[in-house]
Protein chains: 2
Amino acid sequence: MIGLGAISDTDGVDPHLLRSFVAVARRRSFSAAARELGFTQSAVSQQVAALEADLGAVLLNRRPVTPTRAGARLLDHAVPLLLRLDAARADVARLAAPPSARVVVGASPLAVTALGPALADVRREHPDLVVTVRVLGRSALIREVATAAVDVGLADGAVAPSDSLPLPDAGPLRAVGVLERPLAVLLPPRHPLAGRAGLRLADLAAAGWIDAPDTAVPLGRLRTAAGAEGYRASVRYEGTDVGGLVALVGAGHGLAVLPDPTGAALSGVTAVPVTEPRLVHRVEAVHSPTLAGVPAALAAALTG
Amino acid sequence: MIGLGAISDTDGVDPHLLRSFVAVARRRSFSAAARELGFTQSAVSQQVAALEADLGAVLLNRRPVTPTRAGARLLDHAVPLLLRLDAARADVARLAAPPSARVVVGASPLAVTALGPALADVRREHPDLVVTVRVLGRSALIREVATAAVDVGLADGAVAPSDSLPLPDAGPLRAVGVLERPLAVLLPPRHPLAGRAGLRLADLAAAGWIDAPDTAVPLGRLRTAAGAEGYRASVRYEGTDVGGLVALVGAGHGLAVLPDPTGAALSGVTAVPVTEPRLVHRVEAVHSPTLAGVPAALAAALTG
DNA sequence: ACCTGTTACGACGCGCGTAACCATT
DNA sequence: AATGGTTACGCGCGTCGTAACAGGT
């Protein structure tokens, strides 16, 4: 009889509204977000208005569409929140689903090389197994693992030796170190520093960089690691292909930090090890603790 | 016209249902949960049924009410999820609210001592300021900080020297180290080991312990730190009062690990430093990055 | 019988879409 | 005029409460 179905009083924020708000903020457009979400533009307008009324704060400036301070703050929460919401569903579904023979491995571009021997082991064990390897950007990787779109993820990053990677908290995931390699700065061959045996990161703050957050070590990471400003990007690289990035470095468009022996693909550039600060390129295998069957065997082989 | 208001397809899980599910699982009763939530028992039954239908899995065994495997898994997600949902609301609200003169400091029992000098500084600066100090268990502390029920939280834990505390991810909180002290085992005065100058944790696995997860170092933490089984509890202590715990140790009910100079309150027990593994008792100040006014000054004074 | 969870059913209100409106270029 | 966000309004579905029902002790 009472039935005041106001969701707001007891629950935090309505994720349905949150999802629309995020879409609008990302596309910087109500209409574009509406198309993406499969709603009318009017509905999205009402959703954002409802969220603003619920929170008692304006979240977006209109025309042009831009987050306010409160809106930006909400976005910080919204993305991991929606990720976990999906992760929760996927995690329960995984328990109900039968263990399948299909295996999907996700890997960030610099982590793929860590896959070699373990994959060989598993394929010897299961000869007619079809393995899918999917190369993904850093941010996408954890989302795919959490939502069970991939069974095992290989994440990478630059950290102090034997530190674990800082992964966004998308639920109870298991992460174990697989590989650590030294870091190197990629330089064009005729760069003044190309002959050096080692370089300190701090000496490169003023250089021109390529920001390749999904492929190389992100510039923000360099700044916090060096404890200094600088490391400005002249080019932003959004692909996930290492070769393309190497080519850009070779053509003199900027520097990038990668694991030292990137393999044979280093034609046209010079890699100089980073000696200071003490950082390594670390690869971790990330997967759900409830993994079973062949995927679990692969995860075990990776960590072994 | 289409209006198939099915929330499930695109959004993860409905937090409204989640909240009810958690309440039922905690109270092990639909009726008790209904009273707690302000619903009829029928409504809660329908909510859990809806959640189970949505996820395609039975979450609770009835009579007695007990989580299934899938339900337990969902609970792992649900608690931090609901926390973040509340945190998001609180965080936006904090931006809109005017900076108030009232300050609430939350602290776990072993962290209160770290408050001393910084609090004195701030009270000298603001003579007619009313400061509330609230002693909370570990799990409650982060929740209170995230939901802005307290302005600054002092969390504590046992970690390797200069490591930061592992805090549940309740959003973008700032945490800075305030204090590190050696750890000690509290022993009753006539305990065979009471005369030793130092003890190795590994040698105490078989002792009888008091599990005081909200007050002393939790036994689970000791196990992972020592990398060994054992450390079984003979008594579980649920208060947040250090004196009471000390008294229990003194009466021979079991051992506990605390920071070494716990202060003058150590009558009736003996504290022996833990020499192996290398662990310290660390206190961190945790607060929102958007803190302003007097609370921000206190946070700064704490970290200074 | 009593306690506790489920099912049936009806009412209220939220959350959409349609359509008219308004503002900015 | 065109583009894009807001407001008005009505309809449908979901959600809750009441009430009848069912399984255990």
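A note on names: the letters A, B, ... follow the listed sequences, proteins ahead of strands, and every chain is numbered from 1. In this text the structure is predicted, and so the values were computed from the model without any measurement.
Residue pairs meeting the salt bridge (Lys or Arg N to Asp or Glu O under 4.0 Å) criterion with at least one member in residues 66-77 of chain B, sequence neighbours excluded: A:Asp91-B:Arg73, B:Arg73-B:Asp76. Applying the salt bridge (Lys or Arg N to Asp or Glu O under 4.0 Å) definition to pairs two or more places apart or across chains, those involving residues 132-145 of chain A are A:Arg134-A:Glu144, A:Arg138-A:Asp156. The stretch residues 41-53 of chain B participates, sequence neighbours left out, in these side-chain hydrogen bond (donor to acceptor under 3.5 Å, both in side chains) pairs: B:Ser20-B:Gln47, B:Ser42-B:Gln46, B:Glu52-B:Arg62. Screening residues 34-51 of chain B for salt bridge (Lys or Arg N to Asp or Glu O under 4.0 Å), with sequence neighbours left out, gives B:Arg27-B:Glu36.
For the OP1/OP2 pair of D:dT6 and a distance below 4.0 Å, the side-chain nitrogens and oxygens of A:Arg62 include at least one atom meeting the criterion. Contact annotation: A:Thr40 reaches the phosphate of C:dG17 (side-chain N/O to OP1 or OP2, under 4.0 Å). Between C:dC14 and B:His16, no contact under 4.0 Å exists linking OP1 or OP2 to a side-chain N or O.
B:Tyr237 pairs by the ring-ring contact (aromatic ring centres under 6.0 Å, His included) definition with nothing, not counting sequence neighbours. The side chain to side chain contact (heavy atoms under 4.5 Å, CB included) search around B:Val145 returns B:Val150, B:Leu173, B:Val286, not counting sequence neighbours. By the salt bridge (charged side-chain N to carboxylate O under 4.0 Å, His left out) test, A:Asp169 pairs with A:Arg84, sequence neighbours left out. Take A:Arg223 and apply the side chain to side chain contact (heavy atoms under 4.5 Å, CB included) test, not counting sequence neighbours, and it matches A:Leu219, A:Glu229, A:Tyr231, A:Arg232.
Side-chain atoms of A:Ser42 and base atoms of D:dT6 include no donor and acceptor less than 3.5 Å apart.
Residues from residues 67-75 of chain B that place a heavy atom under 4.0 Å from any atom of DNA chain C: there are none. The stretch residues 44-53 of chain B touches DNA chain D through B:Gln46, B:Gln47, each having a heavy atom under 4.0 angstrom from the strand.
Protein atom CG of B:Asn61 is 18 Å distant from nucleotide atom P of C:dT4, rounded to whole Å. For the pair A:Leu60 CG and D:dG4 P, the interatomic distance rounds to 17 Å; values are reported in whole Å. Taking atom CZ on B:Arg27 and atom C1' on C:dG5, their separation rounds to 17 Å, with Å as the unit. Rounding to whole angstrom units, CG of residue B:Asp54 and C1' of D:dG14 are separated by 13 Å. What separates CG of B:Leu17 from C1' of D:dG14 is a distance of 11 Å, to the nearest Å. As rounded to whole Å, 13 Å separates atom P of C:dT18 from atom CZ of A:Phe39.
For B:Gln41, counting side-chain heavy atoms from C-beta on, the closest listed nucleotide (C:dG17, D:dT15, C:dG5) is C:dG5. Here the side chain of A:Asp14 is nearest to one of C:dG15, D:dG5, C:dC16, namely C:dG15.
A donor-acceptor contact shorter than 3.5 Å links the side chain of B:Arg89 to the backbone of A:Gly12. One N or O on the side chain of B:Asp151 and one on the backbone of B:Val104 form a donor-acceptor pair closer than 3.5 Å.
Using a 4.5 Å heavy-atom threshold, the side chains of B:Pro213 and B:Arg221 count as separate. A:Leu51 has its side chain out of reach of A:Asp14: every pair of non-hydrogen atoms, C-beta onward, lies at least 4.5 Å apart.
Taking the screw axis at each terminus of the helix from C:dA1-D:dT25 to C:dT25-D:dA1 from five consecutive base pairs, the angle between the two is 20° to within rounding of 10 degrees.
Backbone-only engagement by B:Ser31 is indicated by non-hydrogen atom pairs under 4.0 Å involving sugar-phosphate atoms exclusively.
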> B:Leu81 and A:Leu85: side-chain contact (heavy atoms from CB on, under 4.5 Å), yes or no, with the steps?
Replying inline: CA-CA 7 Å; B:Leu81 207 36; A:Leu85 238 19; 3.4 Å; yes

When you compare the protein's N or O atoms with those of nucleotides 21-25 of chain D, which come within less than 3.5 Å of each other, and at what distance?
none

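Closest approach of A:Ala88 and B:Leu74 over heavy atoms only: CB-CD1, 4.1 Å.
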